[in-house]
There are 2 protein chains.
Amino acid sequence: MAIPRAAKTQRRTRIQEEKEEQILEAALDVFSARGFRGSTIDQIAEVAGMSKPNLLYYFRTKEAMHRALIDRVLYTWLEPLRAFDADGDPESEICNYIRRKLEMARDFPRESRLFANEVLQGAPHIEDELKGPLKELVDEKAEVIRTWAKAGKIAECDPYHLIFSIWSTTQHYADFDVQVRAVLGQEHAGAGRFEDAGRFLEQLFTSGLVRPA
Amino acid sequence: MAIPRAAKTQRRTRIQEEKEEQILEAALDVFSARGFRGSTIDQIAEVAGMSKPNLLYYFRTKEAMHRALIDRVLYTWLEPLRAFDADGDPESEICNYIRRKLEMARDFPRESRLFANEVLQGAPHIEDELKGPLKELVDEKAEVIRTWAKAGKIAECDPYHLIFSIWSTTQHYADFDVQVRAVLGQEHAGAGRFEDAGRFLEQLFTSGLVRPA
DNA sequence: AGATAATTTGACCGATTGGTAAACATTACA
DNA sequence: TGTAATGTTTACCAATCGGTCAAATTATCT
């Protein structure tokens with residue numbers, strides 16, 4: 001008889017790791033493209049290349065799959081902000097953050113859309129993560145920015161809204177990719193649009209916020 | 001026998017206008033909160049306060065409702081960009097645009113989320129609108145901005161990405177409202193957050209892009 | 001190899017989905 | 001007021017939903 005899933009934390013088979021990997025990869029595909037409610041287990045099963053009951057053998061419910069996916073992706077997703085260094089040079093720290101966030105929008109658009117879908121629909125499954133770990137991290141980094149401003153290293157500004165504006169501008173290129181490409185048209189919607197965006201955003205944020213020496 | 005719906009364009013009863021209004025209002029509620037696929041006709045019917053078949057008497061399908069809603073909201077939604085005046089003062093035109101977009105994020109968050117949901121999931125129902133009317137409008141306004149830059153009235157920058165950054169930063173406060181409130185916490189998430197955001201964004205965009213006299 | 005545990009599948013379940021048919025009720029207008 | 005058009009509801013449909021179950025298959029270990 002199959003082991004109850006609670007016991008699986010003890011030892012994990014090679015098959016378990018592979019299959020759970022496969023499933024979460026497929027789940028990322030589907031959830032990020034259609035949102036939680038708009039996705040079906042059958043769709044994920046098809047993308048993962050396995051039968052629905054087989055998929056439900058590894059994750060008992062649709063919600064369990066979603067939660068596992070969120071947990072796996074959230075840490076990575078916050079990495080750029082975590083790397084924000086209080087001892088670094090303010091201007092280059094901000095530029096680095098923008099650049100890294102933009103790279104993530106380019107290289108991991110599904111992860112971005114996964115969260116966007118979730119937050120957009122009221123964050124029913126990640127409210128705790130937002131009010132807990134996320135808020136704490138942002139509070140910490142906002143304090144760093146405030147310190148920089150107090151020291152005259154950057155312009156006085158609301159650090160929270162600064163962070164929001166970096167999030168929104170960069171993630172826009174992942175979440176609203178279809179719109180960006182439609183507006184830019186075939187000529188300018190090529191791979192170069194991320195470089196263009198990077199140049200613009202660096203210009204926007206540095207000359208706006210960082211005082212010239 | 002009931003008139004086939006195609007003939008309804010000819011004359012519209014008072015009841016028709018009222019009910020269609022009711023339905024679209026309810027549809028905006030539901031679609032904006034759950035996305036197209038995540039919404040059900042029953043939910044919309046319940047919010048609208050009528051039975052499902054009654055609702056389907058006015059809109060034959062779920063898609064017809066969605067399309068009618070998009071059509072009705074799109075024009076209004078683009079109004080602020082349309083008001084962008086080539087003959088105005090660049091700095092105040094940009095500030096006005098930001099302010100109006102922010103007001104819309106505050107006063108019409110459902111409309112913002114409706115489009116966000118749609119675009120986020122690949123814009124299956126509004127691709128034509130994006131590549132047609134939207135692109136044309138943005139092309140026109142981008143040309144205005146370029147002219148300003150050429151005339152030395154504002155800094156040289158990519159006009160398309162400037163527009164994108166205004167869209168993303170302002171709409172962020174509607175689309176990601178839950179996240180914004182979670183991060184700001186109860187103390188700072190009050191009604192004042194839109195004023196704070198407005199101040200920050202004006203600072204960001206003007207001192208970054210508009211050359212001092 | 002054989003026993004045991006782990007994995008996979010097809011058949012199936014009740015609930016919900018988008019949508020229909022037709023009877024019924026109401027309105028508008030002559 | 002009568003009647004035809006309009007509006008509303010009840011009952012229903014096939015398809016799909018998330019999820020279960022037991023049987024069949026495969027991997028693991030002695």
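Numbers restart at 1 for each chain; the letters A, B, ... are given by sequence-line order, proteins then strands.
With sequence neighbours excluded, the residues satisfying side-chain contact (heavy atoms from CB on, under 4.5 Å) with B:Arg99 are B:Asn96, B:Glu103. Residues passing the ring-ring contact (aromatic ring centres under 6.0 Å, His included) test with B:Tyr97 are B:Phe84, sequence neighbours excluded. Considering only residues two or more places apart in sequence or on other chains, B:Glu63 meets the side-chain contact (heavy atoms from CB on, under 4.5 Å) condition with B:Phe36, B:Thr61, B:His125. Legend: residues meeting side-chain contact (heavy atoms from CB on, under 4.5 Å) with A:Glu202, ordered by chain and number and at least two apart, are A:Cys95, A:Thr206. Every residue meeting the side-chain contact (heavy atoms from CB on, under 4.5 Å) condition with A:Ala68, not counting sequence neighbours, appears here in chain and number order: A:Leu24, A:Phe59. Contacts of B:Phe176 classified as ring-ring contact (aromatic ring centres under 6.0 Å, His included), with partners at least two apart in sequence or in another chain: B:His172.
For residues 182-192 of chain B, there are no side-chain hydrogen bond (donor to acceptor under 3.5 Å, both in side chains) pairs, not counting sequence neighbours. The salt bridge (Lys or Arg N to Asp or Glu O under 4.0 Å) analysis of residues 33-51 of chain A, with sequence neighbours excluded, yields the pairs A:Asp42-A:Lys52.
Looking at B:Glu21 and B:Arg72, a side-chain N of the basic residue comes within less than 4.0 Å of a carboxylate O on the acidic one, giving a salt bridge. A salt bridge does not link A:Glu127 to B:Arg181: none of the charged side-chain nitrogens sits closer than 4.0 Å to a carboxylate oxygen. Salt bridge status for B:Arg110 with B:Glu25: present, with a side-chain N to carboxylate O gap under 4.0 Å.
The side chain of B:Thr40 sits closest to C:dT17 out of C:dA6, D:dT8, C:dT17. The nucleotide whose nearest atom lies closest to any side-chain atom of A:Asp42 is, among C:dT17, D:dC17, C:dT7, D:dC17.
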Kindly determine whether B:Glu140 and B:Arg82 satisfy salt bridge (charged side-chain N to carboxylate O under 4.0 Å, His left out), including the steps that lead there. CA-CA 10 Å; B:Glu140 177 195 327; B:Arg82 219 176 280 112; over 6 Å; no
With salt bridge (charged side-chain N to carboxylate O under 4.0 Å, His left out) as the criterion, how do A:Arg193 and B:Asp158 come out once you've worked through the C-alpha distance, each side chain's angles and the decisive distance to 0.1 Å? CA-CA 11 Å; A:Arg193 69 186 186 280; B:Asp158 187 315; over 6 Å; no
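Non-hydrogen atoms lying under 4.0 Å from DNA chain C are contributed by nothing in residues 43-51 of chain B. Of the residues in residues 113-120 of chain A, not one comes within less than 4.0 Å of DNA chain D through any heavy atom.
At whole-Å resolution of the value, CD in B:Glu18 and C1' in D:dT8 are 15 Å apart. If you measure from atom CZ of A:Arg37 to atom C1' of C:dT17, you get 15 Å, rounded to the nearest angstrom. What separates CD of B:Glu17 from P of D:dT6 is a distance of 15 Å, to the nearest Å. If you measure from atom CD1 of B:Ile23 to atom P of C:dG18, you get 15 Å, rounded to the nearest angstrom. To the nearest angstrom, C1' of D:dT8 lies 13 Å from CD of B:Gln22.
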Reading nucleotides 23-28 of chain C 5' to 3', which nucleotides get B (base under 4.0 Å from a protein heavy atom), which S (sugar-phosphate only), which -? -----S
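Contact annotation: B:Asn54 does not reach the phosphate of D:dG7 (side-chain N/O to OP1 or OP2, under 4.0 Å). In this model, the phosphate group of C:dT8 is not approached by any side-chain N or O of A:Tyr57 to a distance below 4.0 Å at OP1 or OP2. Look at A:Lys19 and you won't find any side-chain N or O under 4.0 angstrom from OP1 or OP2 of C:dA6. Considering only side-chain N and O atoms, A:Gln16 lies nowhere under 4.0 angstrom from the phosphate OP1 or OP2 of C:dA6.
In this structure, A:Tyr173 and B:Phe164 have perpendicular ring planes: the angle between them is above 60°, well past the 30° mark.
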Atom pairs, protein N/O to nucleotides 19-21 of chain C N/O, distance under 3.5 Å:
residue	atom	partner	partner atom	Å
C:dG19	OP2	B:Lys62	N	2.8
C:dG19	O6	B:Lys52	NZ	3.3

